[in-house]
Protein chains: 2
Amino acid sequence: MTVTLADVAARAGVSAATVSRVLNGNYPVADSTRERVLRAVDELEYVVNGPARALAAATSDLVGVLVNDIADPFFGILAGAAQTEIARGAGPSGTPAPAGSGTPSGHPGGKLAVVCNTGGSPAAELTYLTLLQRQRAAGVILTGGAVEGTEHTAAVADRLARLAAQGTRIVLCGRPGVEAESIPRARPEEAPTRGAGVFGASGGAPASWPGARRPRTPAPRGGEPVPGPVTLAFDNRGGAYALTAHLLALGHRRIGYAAGPVDRTTTRERLEGHRAALAAHGVDPAGRPTAHGPYERGYGCRAAVELLARDPGLTAVVAANDTIALGVCAALRERGLRVPEDVSVAGFDDLPFSVDAAPALTTVRLPLHEAGAWAGRLVMGAEAPPPGDRALVEAALTVRASTAPPRG
Amino acid sequence: MTVTLADVAARAGVSAATVSRVLNGNYPVADSTRERVLRAVDELEYVVNGPARALAAATSDLVGVLVNDIADPFFGILAGAAQTEIARGAGPSGTPAPAGSGTPSGHPGGKLAVVCNTGGSPAAELTYLTLLQRQRAAGVILTGGAVEGTEHTAAVADRLARLAAQGTRIVLCGRPGVEAESIPRARPEEAPTRGAGVFGASGGAPASWPGARRPRTPAPRGGEPVPGPVTLAFDNRGGAYALTAHLLALGHRRIGYAAGPVDRTTTRERLEGHRAALAAHGVDPAGRPTAHGPYERGYGCRAAVELLARDPGLTAVVAANDTIALGVCAALRERGLRVPEDVSVAGFDDLPFSVDAAPALTTVRLPLHEAGAWAGRLVMGAEAPPPGDRALVEAALTVRASTAPPRG
DNA sequence: CTGTTAGCGCATTCAT
DNA sequence: ATGAATGCGCTAACAG
């Protein structure tokens with residue numbers, strides 16, 4: 001039925017082993033032989049059997065990319081950039097892919113990126129991790145904020161440890177990386193970090209990080225040195241700080257905050273940055289209204305109403321992300337309030353549509369494409385991890401038309 | 001190193017075959033035995049080896065979902081909905097997943113949806129199809145418009161045929177399904193279509209197919225009748241017609257069209273619908289300006305400028321999709337033209353952000369979520385295909401604030 | 001109902 | 001440089 005390695009071998013007049021060697025290119029093969037084999041592959045339109053290959057080689061060419069919401073461009077951009085790098089398939093030290101790569105022949109180079117939509121559900125996250133473990137995935141990228149709560153963090157850390165032990169490369173992108181700290185490291189003697197790598201446009205925002213903790217018990221596995229997880233954290237705190245500082249500089253004091261879902265690392269970090277800026281400018285954060293809800297437009301609408309109810313004199317609203325900010329704008333408009341004349345509004349992420357909103361949204365730009373591509377290269381082992389296996393992706397304040405000085 | 005089936009068998013005091021049987025649940029096993037096995041699985045934290053399973057069973061639990069642009073919510077919504085259904089894992093006749101499903105145990109039910117980003121490139125599309133074929137994917141969903149051109153259409157049809165022959169279920173979602181027509185059908189005597197199924201707003205309740213299903217039989221090995229591809233086509237033509245008719249009814253005659261990328265089925269269909277409406281109302285399509293470009297905001301801006309240059313008296317611009325429409329609005333605003341007072345603008349798709357644009361966009365709503373979920377169910381074999389293996393997903397005109405009667 | 005016996009298709013030692 | 005075995009972990013026929 002389907003053509004196998006043996007068929008190709010027969011056609012080329014060689015052994016199956018030789019065909020395998022030609023296809024994988026990890027072994028010396030006479031040029032003439034290689035050519036004959038490749039021709040046979042082509043003529044028979046042979047396509048390797050992935051599962052068989054994975055079974056024999058104990059490693060598949062699948063790479064998982066977990067996202068919270070695939071319909072959200074935030075994750076789409078991240079995942080798309082990562083997938084491009086993963087499919088490009090440069091291995092360690094930029095090794096070009098094996099013979100026949102690029103062309104849809106027997107053994108194209110590059111790996112298959114599996115984008116998994118968790119919907120923000122911890123259970124789904126664990127399920128996908130298990131599914132990926134079961135496929136013996138070559139790597140896994142976890143994107144976006146994580147659900148906070150020790151039991152879930154521990155469960156994820158456990159699964160990641162299992163994956164790592166299995167040889168799966170792990171990259172945390174846009175996650176604070178708390179899970180990473182509980183994963184048994186391969187080289188526990190190396191200090192985890194401090195002065196970790198930094199990437200991005202240097203803003204002016206304070207990128208504060210609480211000291212990284214070491215794993216409790218250095219449990220060196222019996223096997224070979226497994227690479228530890230790499231963390232690409234977003235500077236949510238710094239970005240939020242800069243954004244709120246911008247509003248304060250404009251003269252705003254009565255600022256409301258439309259936060260993201262509760263118990264999410266991203267939510268907490270952004271809120272912390274916001275409050276830190278408030279406090280630094282003599283505004284008591286406790287006296288300011290805050291709402292919580294999902295990263296959706298509808299919640300933004302509700303949040304605006306709620307915040308306004310708690311402080312009718314609000315002159316500015318900071319939203320946890322651009323999507324929420326758009327909802328806030330809509331609700332404000334509906335109540336006859338102009339943006340930014342009556343109320344200033346700001347978002348976070350700088351997604352493509354934000355510049356098109358009316359007025360164009362003041363926000364904090366995250367280099368999502370770059371970060372996703374970086375994560376992709378890291379998970380492929382195409383690039384050396386940053387010092388301390390951790391880097392901070394900086395956020396850049398982007399001032400547009402939705403913020404202005406308060407009236408009067 | 002990693003725990004295998006044999007380990008579990010030993011722990012439970014049974015044979016490997018028995019463990020396999022309880023895990024797959026397709027075979028009678030004594031309750032007491034099953035319980036012991038499950039306990040062993042749990043204690044050992046056993047996780048099946050996907051590749052090995054796929055090799056032995058000649059079918060993997062991967063399902064591919066090809067999209068043109070993962071960063072575009074259009075595809076994100078489609079893919080997310082499909083993935084949810086695929087992960088749910090109801091097999092034929094809604095069979096609940098096997099033992100231990102849901103929990104991150106040995107063998108969770110459901111399959112792994114692989115979202116592949118082709119970037120609209122025919123080459124990438126073929127590469128992914130090959131990759132999926134190599135993984136012996138259980139199914140493949142192709143979404144979005146296809147590149148037109150006989151050679152590529154033929155190449156895709158060829159790959160799909162190969163996949164189908166291998167037992168991979170194929171679903172075309174949002175594609176006209178030209179490829180399907182060139183794929184060797186299993187039952188060629190059946191007329192491909194005519195009076196095909198219809199799904200959509202105007203149809204009222206979502207169509208359901210209570211069709212009788214055969215009792216669970218082993219997968220057809222060998223030359224058994226392979227199910228042909230199923231096509232879920234979007235009514236791009238009808239939607240575009242309705243939209244332009246709306247503009248004409250408002251009194252517009254000088255209408256410009258910002259079309260999508262050339263040689264794309266979606267582009268062609270929407271343009272055809274637009275022109276048909278024009279012609280039906282006595283406006284010569286040939287006399288109206290049309291621009292072509294990618295589904296991006298930037299192109300929308302350029303298109304507005306170009307269309308205006310070709311007809312400064314334009315009173316309305318129809319865009320191929322919402323993203324382009326937003327760009328058009330931005331460019332218009334920049335030139336001091338108000339929407340809709342000076343120029344009306346309309347989009348297509350009704351993506352979530354369209355209602356937030358200022359003014360809210362008049363567009364054509366496509367039930368993306370429903371269509372994606374439907375495709376997911378079809379590819380899982382959880383639902384019988386529509387009659388003729390083809391259905392039309394209807395589009396609904398959604399009038400909002402960006403369109404109004406022309407001035408004067 | 002359950003154990004035994006064969007492979008699935010390929011990568012890898014070993015030989016040569 | 002190449003061919004001949006061996007086994008990866010699991011499922012599927014066959015017994016019993």
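By convention in this document, chain letters (A, B, ...) are assigned in the order of the sequence lines, proteins followed by strands, and residues within each chain are numbered from 1.
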Nearest-0.5 Å distance, [atom1] of residue [X] to [atom2] of residue [Y]:
X        : Y        : atom1 : atom2 : value
B/Leu112 : B/Gln83  : CG    : CD    : 8.0 Å
B/Thr59  : B/Lys111 : OG1   : NZ    : 5.5 Å
A/Ser20  : A/Arg53  : OG    : CZ    : 8.0 Å

Where the side chain of A/Thr2 is concerned, which of C/dG9, C/dC10, D/dT11 is the nearest nucleotide?
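Side chain of A/Thr2 sits closest to C/dG9.
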Given D/dA1, D/dC10, C/dC10, the nucleotide with the shortest approach to the side chain of A/Pro28
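Of all the options, the side chain of A/Pro28 is nearest to D/dA1.
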For atom [atom1] of [X] and atom [atom2] of [N], their distance in whole Å:
X        : N      : atom1 : atom2 : result
B/Tyr27  : C/dT2  : OH    : P     : 12 Å
A/Leu5   : C/dC10 : CG    : P     : 4 Å
A/Gln166 : D/dC8  : CD    : P     : 17 Å
B/Arg34  : C/dC1  : CZ    : P     : 9 Å
A/Arg136 : C/dA11 : CZ    : P     : 18 Å
A/Glu35  : D/dA1  : CD    : P     : 17 Å
A/Asp61  : C/dC10 : CG    : P     : 13 Å

Stepwise salt bridge (charged side-chain N to carboxylate O under 4.0 Å, His left out) test for A/Arg39 and A/Asp42
CA-CA 5 Å; A/Arg39 194 147 39 80; A/Asp42 218 50; over 6 Å; no
Could you please spell out the steps behind the side-chain hydrogen bond (donor to acceptor under 3.5 Å, both in side chains) verdict for B/Trp374 and B/Glu383?
CA-CA 8 Å; B/Trp374 192 5; B/Glu383 183 176 315; 2.8 Å; yes
Can you give me the N/O atom pairs linking the protein to nucleotides 3-8 of chain C at distances under 3.5 Å, or say none if there are none?
| from | atom 1 | to | atom 2 | distance (Å) |
| --- | --- | --- | --- | --- |
| C/dG3 | OP2 | B/Ser15 | N | 3.0 |
| C/dG3 | OP2 | B/Ser15 | OG | 3.2 |
| C/dG3 | OP2 | B/Thr18 | OG1 | 2.6 |
| C/dG3 | N7 | B/Arg21 | NH2 | 2.7 |
| C/dG3 | O6 | B/Arg21 | NH1 | 3.3 |
| C/dG3 | O6 | B/Arg21 | NH2 | 3.4 |
| C/dC8 | O2 | B/Ala56 | N | 3.4 |

Apply salt bridge (charged side-chain N to carboxylate O under 4.0 Å, His left out) to residues B/Arg162 and A/Glu45 and explain how you reach the verdict.
CA-CA 10 Å; B/Arg162 234 177 270 291; A/Glu45 298 190 293; 2.8 Å; yes
Evaluate side chain to side chain contact (heavy atoms under 4.5 Å, CB included) for B/Val67 paired with B/Ile70, printing each intermediate quantity in order.
CA-CA 6 Å; B/Val67 301; B/Ile70 198 177; 4.2 Å; yes
With a cut-off of less than 4.0 Å, is there a side-chain N or O of A/Arg53 near OP1 or OP2 of C/dA11?
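Looking at the OP1 and OP2 atoms of C/dA11, one of them is under 4.0 Å from a side-chain N or O of A/Arg53.
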Could you work out how much the helix from C/dC1-D/dG16 to C/dT16-D/dA1 bends, comparing the axis of its first five pairs with that of its last five, to 10°?
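Answer rounded to 10°: the end axes differ by 30°.
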A/Val22 pairs by side-chain contact (heavy atoms from CB on, under 4.5 Å) with which of A/Val14, A/Val8, A/Val29, A/Val41?
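When A/Val14, A/Val8, A/Val29, A/Val41 are each tested with A/Val22, the side-chain contact (heavy atoms from CB on, under 4.5 Å) holds only for A/Val29.
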Scan A/Ser20 against the nucleic acid and name what it touches under 4.0 Å (heavy atoms): base, sugar-phosphate only, or nothing.
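Base, at least one base heavy atom under 4.0 Å.
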Which residues share a side chain to side chain donor-acceptor pair (under 3.5 Å) with B/Glu35, sequence neighbours left out:
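Side chain to side chain donor-acceptor pair (under 3.5 Å) list for B/Glu35, sorted by chain: empty.
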